[in-house]
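All ligand and atom numbering here is 1-based and tracks the order in the structure.
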Amino acid sequence: MWRGIRIAILLVVLAVVAGGAWLDQRRTTSWEHTVWIGAFPLNADGSEAASAYIATLSDADLQPVSEFVAREARRYGINIDEPVNIRLYPAPAALPPAAAPDASLLARVIWSLRLRRYRMAALAPIARARPRIALFLLYHDPAHAAVLPHSIGLQRGLMGVVHLFATPSQASQNGIVIAHELLHTFGATDKYDADSDAPVYPEGYAEPRREPRYPQRYAEIMAGRVPLGPQRQVMPDDLSQTLVGPATAREIGWSRQ
Ligand SMILES: [Zn+2]
């Protein structure tokens, strides 16, 4: 019985949190004012390489991401100069709570509440112009990890946990990953096939109406790859080869068509 009561209380808490987040989300996707985003770089593996790389980071490193959002917003007729402003802030001492891969529903509810608490604790010390969205950038030494854990962007949580490689040669790819997770926080969904990584047609195509359909020139940001043929796709080099497609634009409130 106690277990039932505990779950019921947690569900009520979650419903209240979700209600608050719904209001926040409407404010973030009206695109009438600049949305302030805090980026918190963290050393994911405790490596020298990650801390050395983090020490070199400045706001300018995140500029390509905000410029990408501004450029694409303009293409969809959003008329504010700076749709998003991304700034670096000192990160919390601890890493964000990680979810166990095979977690139960209850464990996932608790994890999502702990993530929200982590976000609030990270934002609390910022007195002026407190960011609405928090991106936790977890840098890994590429010598230790060939493959990174899955990044997440939570619309209802107004936060992302983004896994990145701590090396200048990956900076452009990191920009693509950060932009992808950031757009999740605005309500964009993934547009690639989870098994094959192939962009889903038409939503995962930057120019779905292009004739002939192949090769596509750009990657759709939520699909992450440039379709060259029905079974062939390549990673874009940087955000200049990446667009927000019509389906994503609808999801994040940039277009109604
Ligand atoms: Zn995604």
Side-chain angles (χ1 to χ4, degrees), residues 21 24-25 28-29 35 37-42 44 62 64-66 68-69 72-73 76 83-84 86 96-101 103 108 111-112 115-116 118-119 132-140 145-165 170-206 208 216 218-227 233-239 241-255:
D24 273 349
Q25 173 192 325
T28 55
T29 54
V35 179
I37 293 152
F40 300 84
L42 289 134
L62 296 163
V65 178
S66 40
F68 166 76
V69 175
E72 289 301 282
Y76 284 95
V84 297
I86 313 176
R108 272 182 290 152
W111 168 69
S112 103
L115 264 182
R116 282 159 214 264
Y118 181 85
R119 169 185 174 273
R132 191 171 289 288
I133 292 172
L135 295 178
F136 298 101
L137 309 180
L138 275 70
Y139 286 94
H140 297 254
V147 187
L148 295 180
H150 205 71
S151 294
I152 51 163
L154 299 173
Q155 181 187 14
R156 291 182 200 287
L158 294 175
M159 63 182 291
V161 177
V162 191
H163 293 276
L164 303 164
F165 283 119
Q170 284 288 319
S172 306
Q173 291 294 328
N174 287 350
I176 296 174
V177 177
I178 295 168
H180 175 104
E181 301 306 332
L182 176 60
L183 292 189
H184 272 313
T185 71
F186 288 112
T189 59
D190 283 324
K191 295 175 179 63
Y192 58 89
D193 183 274
D195 294 323
S196 67
D197 284 342
V200 175
Y201 185 81
E203 315 87 273
Y205 283 54
Q216 291 273 315
Y218 300 101
E220 204 287 327
I221 184 69
M222 301 312 291
R225 283 178 167 75
V226 187
Q233 54 275 339
V234 290
M235 304 259 279
D237 292 331
D238 55 43
L239 283 166
Q241 295 176 3
T242 310
L243 300 185
V244 169
T248 297
R250 272 195 303 277
E251 289 170 338
I252 63 178
W254 284 357
S255 110

> So how far is it from Glu181 CD to Leu154 CG, rounded to the nearest 0.5 Å?
Replying inline: 9.0 Å
> Could you state the interatomic distance from CE (Met159) to CZ (Arg116), rounded to the nearest 0.5 Å?
Replying inline: 8.5 Å
>> Check for me: within less than 2.8 Å of the Zn ion (ligand 1), which protein N/O/S atoms show up?
In response: His180 NE2, His184 NE2, Asp190 OD1
If you define the side chain from C-beta out and look only at heavy atoms, does anything of [X] sit under 4.5 Å from [Y]?
X      : Y      : answer
Tyr192 : Gln233 : no
Asp238 : Pro64  : no
Pro208 : Glu220 : no
Asp190 : His180 : yes

